[in-house]
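The structure under discussion appears below in the form of structure tokens.
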Amino acid sequence: MEIDLGKVPFTMDFHPSDNLVTAGLITGDLHLYRFNADSSPQRLLEIHAHSEACRAARFINDGQAIITGSSDRSILATDLETGSPIARLENAHEDAIFSLINLTESTIATGDDQGCIKVWDTRQRSCCNSFNVHEDYVSDMTFASDSMKLLSTSGDGTLSVCNLRSNKIQSQSEFSEEELLSVVIMKNGWKVICGSQNGTLLLYSWGFFKDCSDRFTGLSPNSIDALLKLDEDRVITGSENGLISLLGILPNRIIQPLAEHSEYPIEHLAFSHDRKFLGSISHDQVLKMWDLDDLLQNSVNAQNDQAAVSDSDSDEMDVDTKPPKSRKGAKRKNENANGAASSFFADL
């Protein structure tokens with residue numbers, strides 16, 4: 001299933017309980033679609049949410065609203081039914097907003113191009129925590145709700161851990177030579193996985209964040225722009241070459257390539273509320289929804305047939321199927337509204 005968005009998308013999110021998907025575009029527009037397996041997607045909303053690129057969008061309040069962050073530094077909450085603005089916060093950050101995630105029922109976190117993270121109370125419409133934690137853009141964030149720890153990756157090559165209870169930066173990794181672009185928590189909270197610009201996955205043990213405990217190089221040299229946890233042992237990756245792959249973690253292995261979105265970088269991956277669909281967006285201006293059962297139908301056999309590999313630092317890895325070659329797409333920082341190569345941040 002495909003949705004032609006007309007412009008380059010930077011973000012997408014599925015409704016938490018309904019067959020709805022939203023996408024934020026480089027033009028600042030926000031789209032909302034209803035989808036079903038047996039019919040074409042129907043666009044329900046198209047609003048000009050921001051004056052510059054809509055870089056992040058998430059459903060909030062049990063799906064009653066969509067909150068967006070933009071390179072124009074504003075945050076907007078939009079009513080799902082009417083498309084009307086509920087609240088807009090201008091100059092929410094000192095620099096362009098790059099990332100946004102849900103934390104609790106009433107809090108979200110946003111990260112900007114200068115490395116600042118802010119936590120917002122959506123009911124009080126106020127900032128309740130602020131962390132100047134990175135020296136470059138906040139590329140991705142994830143949340144450990146049991147310990148109230150907010151983890152973030154950055155273009156400065158570090159992984160950081162912010163404690164929301166004490167309002168302190170608890171830990172920060174040593175600087176990596178490559179930008180860190182994506183992060184997930186796996187292995188029942190014991191491992192933190194980060195995707196990097198050179199295609200290496202960095203594995204950190206919980207509580208020991210100064211240096212990674214393992215490196216996984218099977219997708220190198222294509223950057224790992226998106227990570228989506230399938231379960232505690234498997235993660236779905238979206239790479240610079242447009243390839244979506246399924247990886248096993250400890251033992252580290254490429255289980256199988258799942259799909260090829262396009263020849264351009266994968267900007268975002270997400271599951272539909274019932275996990276029937278895997279959504280992906282790229283610079284080809286298309287939102288694609290893949291039947292997850294179809295994608296995974298061979299993964300069990302692939303796992304059974306593959307010999308376990310050592311979870312060491314070795315570059316030697318067993319691969320079930322060699323990913324098809326794809327022309328290297330332009331990185332997200334080098335895309336403008338027309339898909340031509342130029343400075344991403346200069347254009348926004």
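Just the heavy atoms: all of them, side chains too, but no hydrogens, waters or symmetry mates, feed the values below. Nothing fancy with the numbering, it's 1 onward along the sequence.
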Would you check if there is a donor-acceptor pair between the side chains of H268 and S280 at a distance under 3.5 Å? no
Side-chain donor-acceptor pair present, H31, T22, cut-off under 3.5 Å: no
Note, L269 side chain near I236 side chain (heavy atom, < 4.5 Å): yes
Looking at every heavy atom in both S152 and V133, which two are closest together, and how far apart are they? OG-CG1, 4.3 Å
Using a 6.0 Å cut-off, check whether atom CZ of F208 has over 12 heavy atoms from anything other than its own residue. no
S99 versus D140: any side-chain heavy-atom pair under 4.5 Å? no
May I ask you to decide if the ring planes of H261 and W290 are parallel, tilted or perpendicular, using 30° and 60° as cut-offs? perpendicular
Do we see a donor-acceptor contact under 3.5 Å between the side chains of S220 and N198? no
Looking only at heavy atoms, the pair that brings L246 and R234 closest together is CD1-CB, 4.0 Å
Between K191 and S205, does any side-chain donor sit less than 3.5 Å from a side-chain acceptor? yes
L103 vs L150, test: side chain to side chain contact (heavy atoms under 4.5 Å, CB included). Steps then yes/no. CA-CA 9 Å; L103 301 179; L150 176 61; 3.9 Å; yes
Are any of the side-chain heavy atoms of E263 and E260 separated by less than 4.5 Å? no
Could you tell me whether D112 and K118 have a side-chain N and a carboxylate O separated by less than 4.0 Å? no
Nearest 0.5 Å please: distance from the CG atom of D156 over to the CD atom of Q172. 6.5 Å
Distance col, row L292:CG vs L230:CG, nearest 0.5 angstrom, shows 6.5 Å
Do S139 and T153 pair up side chain to side chain, a donor and an acceptor below 3.5 Å, judged on atom types alone? yes
Short side-chain to backbone donor-acceptor contact, D225 and P265, under 3.5 Å: no
Any donor-acceptor pair under 3.5 Å linking the side-chain atoms of R73 with those of N91? yes
Validation row, ring centre F35 to ring centre F277 under 6.0 Å: yes
Please test Y137 against E179 for side chain to side chain donor-acceptor pair (under 3.5 Å), starting from the C-alpha separation and ending with a verdict. CA-CA 10 Å; Y137 70 100; E179 298 178 6; 2.7 Å; yes
Gap between atom OG of S130 and atom CD1 of I117 - 0.5 Å precision: 9.0 Å
State whether K7 and D29 are salt-bridged, where the test is any N-O pair (Lys NZ or Arg NE/NH1/NH2 against Asp/Glu carboxylate O) under 4.0 Å. no
For the CD atom on E94, are there more than 12 heavy atoms of other groups (residues, nucleotides or ligands in this structure) within a distance under 6.0 Å? no
Minimum heavy-atom distance between T110 and H93, given as atom pair plus value: OG1-NE2, 2.6 Å
Let me confirm one number: the CG-CD1 distance from L151 to I185, rounded to the nearest 0.5 Å. 5.0 Å
For N36, look at atom CG and say whether over 12 heavy atoms of other residues, nucleotides or ligands are found less than 6.0 Å away. yes
Run the salt-bridge test on K276 and D291 with the 4.0 Å N-O cut-off and return the result as yes or no. yes
Would you say the ring centers of F59 and H15 fall short of 6.0 Å from each other? yes
Using 4.0 Å as the upper bound for N to carboxylate O, is an ion pair formed by E52 and R55? no
Is the backbone N or O of G63 less than 3.5 Å from a side-chain atom of N61, with the two atoms forming a donor-acceptor pair by type? no
State whether a side-chain donor-acceptor pair under 3.5 Å links S262 with H283. no
